[in-house]
> 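A single structure is presented below for examination.
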Amino acid sequence: MSQPTKSQNAPQTAIQPTRAQNYAEWYQQVVRAADLAENSPVRGCMVIKPWGYSLWENMQRVLDRMFKQTGHKNAYFPLFIPLSFLEKEAQHVEGFAKECAVVTHHRLQAGIKRDGKPGLIPAGELDEPLVVRPTSETIIGASFAKWVQSYRDLPLLINQWANVVRWEMRTRLFLRTTEFLWQEGHTAHATEAEAQEETRKMLDVYADFAENWMAMPVVKGRKTEGERFPGAVETLSIEAMMQDRKALQGGTSHFLGQNFAKASEIKFLDQAGILQHAWTTSWGVSTRLIGALLMTHADDDGMVVPPRLAPTHVVILPILPKPECAAVVMEACEKLAARLREVSYVGGTLEVEVDRRDLRGGDKMWSWVKKGAPLRVEIGPRDLEQGVVSVSRRDRGVKERTAMSADALVAGVVSLLDEMQQSMFAKAKAHEVANTRSIDDPKEFRAFFTALKPESEGVPTEIHGGFALSRFAMDPMEESKLKDELGVTVRCIPLDGQDDPGQCILSGKPAKRRVVFAKAY
RNA sequence: CGGGGCGUAGCUCAGUUUGGUAGAGCGCUUGGUUCGGGACCAAGAGGCCGCAGGUUCAAAUCCUGUCGCCCCGACCA
């Protein structure tokens with residue numbers, strides 16, 4: 001087979017391979033083509049590039065506003081956690097011990113390294129090692145213990161934007177990296193009911209954000225015992241179906257009971273003068289959401305960014321076939337950009353970029369297609385003659401264009417973006433619905449999650465499976481067996497589900513209701 | 001931590017079996033022809049072949065050691 005040259009045999013899609021050919025590789029290629037992030041020299045850690053980071057900034061801005069609106073305040077706690085703090089909650093230690101980065105020294109000095117060469121070696125061993133936070137329950141708990149004395153100090157509603165480190169064995173850009181960015185909310189309450197309400201409220205905030213900003217439909221639910229956060233009494237999560245029909249946990253909200261309050265001594269005197277332990281919660285979303293956004297919306301030409309989170313809403317591409325018309329075209333572009341920048345959109349004004357780069361037209365256009373900018377507006381001499389601009393939507397075909405007057409664009413741009421946002425959600429929802437099935441027959445269940453052609457010699461399995469809504473008797477052993485056999489787990493017990501008694505799909509024992517089974521990231 | 005693989009130009013890789021002193025495509029620079037589209041032609045810049053030893057007249061190539069990375073599993077936001 002001869003190597004096809006670019007001119008004779010240009011790829012049909014901007015991303016190779018396509019989703020259908022090799023989904024995992026497609027994901028990596030989109031991350032790169034869209035200029036979201038790249039691998040760094042540091043094992044398992046990524047460099048988030050400007051386009052990817054501005055997506056995160058937009059997510060942060062919206063979420064931060066939602067947290068403030070629900071009464072939370074931001075604070076910042078140390079990156080380092082004394083080892084003894086982590087040891088306070090037994091299940092917590094067990095859950096995180098295997099993935100902690102540990103600081104054992106506090107300076108470097110000249111010496112002979114392990115490879116026998118001269119260089120810098122760690123010196124000044126710490127009396128007590130410091131753990132780089134994998135999550136901050138214990139260090140924040142220490143502060144909460146000081147801040148809470150009376151029922152009048154409650155509820156305490158705190159959020160922190162931070163980086164955390166989890167020494168994972170295998171990493172994938174955005175989905176699982178050694179260091180990642182997130183927010184972690186930590187709250188303390190006087191009563192169990194209030195803490196549970198908080199847990200539920202923040203899950204609703206996440207679901208609202210996922211659906212209305214990311215255009216990503218989610219299922220809200222409770223986790224089974226085996227999938228729970230270490231140390232939590234109950235874990236709630238939002239689960240989204242990616243385009244390969246696997247589930248991605250997008251955010252979690254934990255009801256911690258009094259476990260961490262007891263470990264950190266968060267105590268208060270209630271109105272009756274009785275000393276009580278507080279009830280705490282914690283909840284978080286991370287830069288993983290960028291991976292979720294990609295796998296929900298991106299196509300074989302690259303990223304597709306939902307308008308409400310786009311760093312740039314409109315890209316204006318000047319078309320300059322002849323140098324003599326450059327000035328006129330550029331002026332028209334700048335004029336349109338200035339008008340569009342006055343337009344209000346989702347709490348701010350439109351972000352508009354005129355791409356003045358000295359690149360060939362095709363390269364320039366494709367770079368924005370791959371990044372997923374919602375609207376591209378082309379302006380060339382011919383458009384100027386006809387008094388129009390050419391508008392392309394990223395959620396439509398790359399070559400599809402609509403000619404309209406600049407006035408019409410300025411007047412209609414917001415409804416255009418709104419329609420695009422809606423349409424992206426609708427498409428993702430349709431995909432979820434199409435691949436969610438109620439299954440009562442164990443044979444059908446097994447077939448649903450079994451690939452027709454198993455993976456072989458670099459050819460991945462075809463995309464299959466989805467969400468199975470089946471009854472489960474909540475036996476952890478059965479769940480663990482299922483995971484070993486089919487790689488399927490209970491993603492959640494949906495909150496909006498009804499009681500629907502019948503036989504457990506795994507054991508045949510009586511089961512009260514249906515849960516979501518799926519393969520997961 | 002178990003199994004497999006790979007370290008050669010910015011990127012993707014060939015060359016290693018059969019040692020002889022470094023290549024391709026893409027990208028980059030310059031010039032030209034094109035150009036409502038990811039074009040073409042020409043000329044260039046760029047690598048002590050992961051690192052350290054050894055064998056040899058001669059090592060990217062053979063041997064030993066070492067470091068790093070990737071993939072599959074177990075673990076995981």
Side-chain angles (χ1 to χ4, degrees), chain A residues 2-8 10-14 16 24-25 28-29 32-33 38-44 94-100 113-117 134-135 163-172 174-184 206 223 226-227 229-230 235 237-239 248-254 282-292 301-302 317-323 325 329 359-370 376 378-386 389-390 392 398-399 401 403 455-456 458 460 480 483-484 487 489 520-521:
Chain A
S2 68
Q3 198 69 11
T5 65
K6 202 169 177 181
S7 59
Q8 293 163 337
Q12 298 301 301
T13 56
Q16 302 271 305
E25 181 61 21
Q28 312 254 51
Q29 293 303 325
R32 192 161 75 167
E38 62 189 25
N39 283 308
S40 76
V42 186
R43 166 215 161 93
E94 202 184 314
F96 285 106
K98 279 178 277 182
E99 51 188 60
C100 286
K113 293 187 291 185
R114 271 198 313 191
D115 60 10
K117 285 189 241 173
T135 179
N163 57 340
V164 284
V165 166
R166 295 183 188 175
W167 213 263
E168 304 284 359
M169 300 320 294
R170 290 180 53 211
T171 60
R172 282 184 79 185
F174 289 116
L175 298 177
R176 183 169 305 110
T177 46
T178 302
E179 179 191 17
F180 57 94
L181 306 183
W182 78 346
Q183 60 68 218
E184 45 181 329
Y206 289 155
K223 285 293 190 184
E227 298 273 324
F229 176 76
T235 289
S237 75
I238 52 171
E239 302 284 331
L248 185 88
Q249 178 175 305
T252 48
S253 185
H254 314 291
S282 69
W283 28 275
V285 296
S286 71
T287 37
R288 186 181 224 200
L289 287 180
I290 294 172
D301 288 321
L317 303 165
I319 297 184
L320 309 166
K322 298 167 207 149
C325 50
V329 169
L359 287 183
R360 298 170 41 74
D363 291 331
K364 211 187 260 194
M365 179 197 77
W366 279 104
S367 78
W368 288 107
V369 169
K370 288 185 279 194
R376 301 187 303 279
E378 301 177 345
I379 302 182
R382 255 187 257 157
D383 300 299
L384 289 182
E385 277 170 32
Q386 294 165 31
V389 297
S390 298
S392 303
V398 170
K399 302 220 166 119
R401 276 176 228 159
E455 183 167 359
S456 65
S480 154
K483 188 174 181 182
D484 291 344
T489 49
Y521 277 94

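Convention: sequence-line order gives letters A, B, ...; per-chain numbering from 1.
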> Check every atom of B/rG37, B/rA77, B/rG38 against the side chain of A/Glu378 and return the nucleotide holding the closest atom.
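Nearest to the side chain of A/Glu378 among the choices is B/rG37.
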> Search all heavy atoms of A/Asn163 against all heavy atoms of A/Leu181 and return the closest pair with its distance.
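Reported closest heavy-atom pair: CB-CD2, 3.8 Å.
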> Pick the C1' atom in B/rU8 and in B/rG25, then give their distance to the nearest Å.
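About 15 Å, rounded to a whole number of Å.
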> Using Watson-Crick or G-U wobble geometry with both distances under 3.5 Å, which nucleotide pairs with B/rC1?
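Looking at the geometry, B/rC1 pairs with B/rG73.
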> Between B/rG23 and B/rC49, how many Å separate the two P atoms, rounded to a whole number?
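Each nucleotide's P atom is 14 Å from the other's.
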> What heavy-atom pair brings A/Gln16 and A/Gln29 nearest, and what distance separates the two atoms?
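Shortest heavy-atom contact: O-CG, 3.4 Å.
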> Just name whichever nucleotide pairs with B/rG31, Watson-Crick or G-U, keeping both distances under 3.5 Å, else none.
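Check on B/rG31: paired to B/rC41, both distances under 3.5 Å.
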> If I take atom CZ in residue A/Arg166 and atom P in nucleotide B/rC75, what distance separates them, rounded to the nearest angstrom?
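Interatomic distance, CZ of A/Arg166 to P of B/rC75: 16 Å.
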> Taking only the P atom of each, what is the distance from B/rG7 to B/rC51 in whole angstrom?
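Going atom to atom, P in each nucleotide, I get 13 Å.
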> A/Arg401 side chain: which of B/rG38, B/rG36, B/rG37 is closest?
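Of the options given, the side chain of A/Arg401 lies nearest B/rG37.
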> For B/rG37 versus B/rA45, give the span between their P atoms, rounded off to a whole number of Å.
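It comes out at 35 Å once rounded to the nearest Å.
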> Between B/rG37 atom C1' and A/Lys399 atom NZ, what is the distance in whole Å?
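That distance rounds to 9 Å.
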> Between atom CG in A/Leu359 and atom C1' in B/rG38, what is the gap in whole Å?
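Computing the A/Leu359:CG to B/rG38:C1' distance gives 10 Å.
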> When only distance counts, do a donor and an acceptor, one from the side chain of A/Asp363 and one from the base of B/rG37, lie under 3.5 Å apart?
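No.
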> Which part of the nucleic acid, if any, lies within contact of A/Trp182, taking any heavy atom under 4.0 Å across all strands shown: a base, the sugar-phosphate backbone alone, or nothing?
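Counting heavy atoms under 4.0 Å across all strands, no contact is made by A/Trp182.
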> Just jot down the side chain to side chain donor-acceptor pair (under 3.5 Å) partners of A/Thr235, sequence neighbours excluded, or say none.
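Partners of A/Thr235 under the side chain to side chain donor-acceptor pair (under 3.5 Å) test: A/His254.
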> Could you measure between the two P atoms, the one in B/rA22 and the one in B/rU30, and give it in whole Å?
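The same atom, P, in both gives a distance of 29 Å.
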> With respect to the side chain of A/Lys370, which nucleotide from B/rG38, B/rA77, B/rG37 is positioned closest?
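Looking only at side-chain atoms, A/Lys370 lies closest to B/rG38.
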> Could you check how far CH2 of A/Trp167 sits from C1' of B/rA77, rounded to whole Å?
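Those two atoms, CH2 and C1', are 17 Å apart.
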> From C-beta outward on A/Met365, which listed nucleotide comes closest to its side chain: B/rG37, B/rG36, B/rG38?
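Among the listed nucleotides, the one closest to the side chain of A/Met365 is B/rG37.
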> Once you round it to whole Å, what is the distance between C1' of B/rU34 and CG of A/Leu320?
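It is 15 Å, rounded to the nearest whole Å.
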> For the P atoms, the ones on B/rG38 and on B/rG27, what distance do you get once it is rounded to whole angstrom?
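The answer is 13 Å between these two P atoms.
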> How long is the line joining NZ of A/Lys322 and P of B/rG37, in whole Å?
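To the nearest whole Å, that distance equals 14 Å.
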> Quick check on A/Glu94: does its CD atom have over 12 non-hydrogen neighbours (other residues, nucleotides or ligands) under 6.0 Å away?
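It does not: A/Glu94 CD has 12 such atoms or fewer within range.
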> Is the ring centre of A/Phe180 under 5.5 Å from the base ring centre of B/rA77, and are the two planes under 30° apart, so that they stack?
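Whether judged by distance or by angle, A/Phe180 passes, so it stacks on the base of B/rA77.
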> Taking the C1' atom in each of B/rU61 and B/rU18, what is the distance between them to the nearest angstrom?
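Per the computed distance, 10 Å lies between those C1' atoms.
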> Rounding to an integer number of angstrom, what distance separates B/rA59 and B/rG15 when you compare their C1' atoms?
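It works out to 14 Å between them.
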> Indicate, with a heavy-atom threshold strictly under 4.0 Å, whether A/Ser237 touches base, sugar-phosphate, or nothing.
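Here A/Ser237 touches no strand at all.
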> With both distances under 3.5 angstrom, what nucleotide forms a Watson-Crick or G-U wobble pair with B/rG19?
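Check on B/rG19: unpaired, no WC or wobble geometry under 3.5 Å.
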> Tell me every residue that passes side chain to side chain donor-acceptor pair (under 3.5 Å) with A/Ser282, counting only those two or more places apart in sequence or in another chain.
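Result, side chain to side chain donor-acceptor pair (under 3.5 Å) vs A/Ser282: A/Glu137.
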> Please determine whether a side-chain nitrogen or oxygen atom of A/Arg360 lies at a distance below 4.0 Å from atom OP1 or OP2 of B/rG37.
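Looking at the OP1 and OP2 atoms of B/rG37, neither is under 4.0 Å from any side-chain N or O of A/Arg360.
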> Using purine N1 to pyrimidine N3 plus N6-O4 or O6-N4 for Watson-Crick, or N1-O2 and O6-N3 for G-U wobble, both under 3.5 Å, which nucleotide pairs with B/rC6?
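B/rC6 is paired, partner B/rG68.
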> Looking at A/Arg32, I'd like to know if its CZ atom is crowded, meaning that more than 12 non-hydrogen atoms belonging to other residues, nucleotides or ligands lie closer than 6.0 Å.
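Result for CZ/A/Arg32: open.
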> Mind checking if A/Leu175 touches a base, just sugar-phosphate, or nothing, with heavy atoms under 4.0 Å?
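The answer is base, as A/Leu175 lies within the cut-off (heavy atoms under 4.0 Å) of a base atom.
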> Nearest whole angstrom, please: distance from the P of B/rG36 to the CZ of A/Arg376.
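Rounding to the nearest Å, CZ of A/Arg376 and P of B/rG36 are 18 Å apart.
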> Given B/rA77, B/rC75, B/rG36, which nucleotide is nearest the side-chain atoms of A/Arg288?
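The closest nucleotide is B/rA77.
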> Can you tell me how far P of B/rC35 sits from CZ of A/Arg382, to the nearest Å?
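Taking atom P of B/rC35 as the reference, CZ of A/Arg382 is at 12 Å.
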> Applying a 3.5 Å limit to both distances, which nucleotide forms a Watson-Crick or G-U wobble pair with B/rC62?
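Base-paired to B/rG54.
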> Looking only at heavy atoms, which two atoms of A/Thr489 and A/Ala520 are closest? And how far apart?
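Closest heavy-atom pair between A/Thr489 and A/Ala520: OG1-CB, 4.3 Å.
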> Quick one: look up who B/rA24 pairs with, Watson-Crick or G-U, both distances under 3.5 Å, and put none if it's unpaired.
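Here B/rA24 is engaged in a pair, and the nucleotide opposite it is B/rU12.
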> Which sits closer to the 5' end of RNA chain B, A/Trp366 or A/Glu227, going by the nucleotide each is nearest to?
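The residue mapped nearer the 5' terminus is A/Trp366.
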> Taking donor-acceptor contacts at under 3.5 Å, does the side chain of A/Arg32 reach the base of B/rG27?
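No, the side chain and the base share no sub-3.5 Å donor-acceptor pair.
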> Give A/Thr177 one of three labels, base, sugar-phosphate or nothing, depending on what nucleic acid heavy atoms sit under 4.0 Å from its own.
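Base contact.
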> Which part of the nucleic acid, if any, lies within contact of A/Gly380, taking any heavy atom under 4.0 Å across all strands shown: a base, the sugar-phosphate backbone alone, or nothing?
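Contact class for A/Gly380: base.
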> So what does A/Asn39 touch, heavy atoms closer than 4.0 Å: a base, only the sugar-phosphate, or nothing?
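It contacts nothing in the nucleic acid.
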> Which atom pair, heavy atoms only, marks the closest approach of A/Thr13 to A/Asp301?
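In terms of heavy atoms, the two residues are closest at CA-OD1, 3.5 Å.
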> Quick check: on RNA chain B, is the nucleotide nearest A/Pro381 upstream (toward 5') of the one nearest A/Glu99, or the reverse? Name the residue that is more 5'.
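On the 5' side of the pair lies A/Pro381.
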> Classify the nucleic acid contact of A/Thr252 as base, sugar-phosphate or nothing, counting any heavy atom under 4.0 Å across all strands shown.
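Touches nothing.
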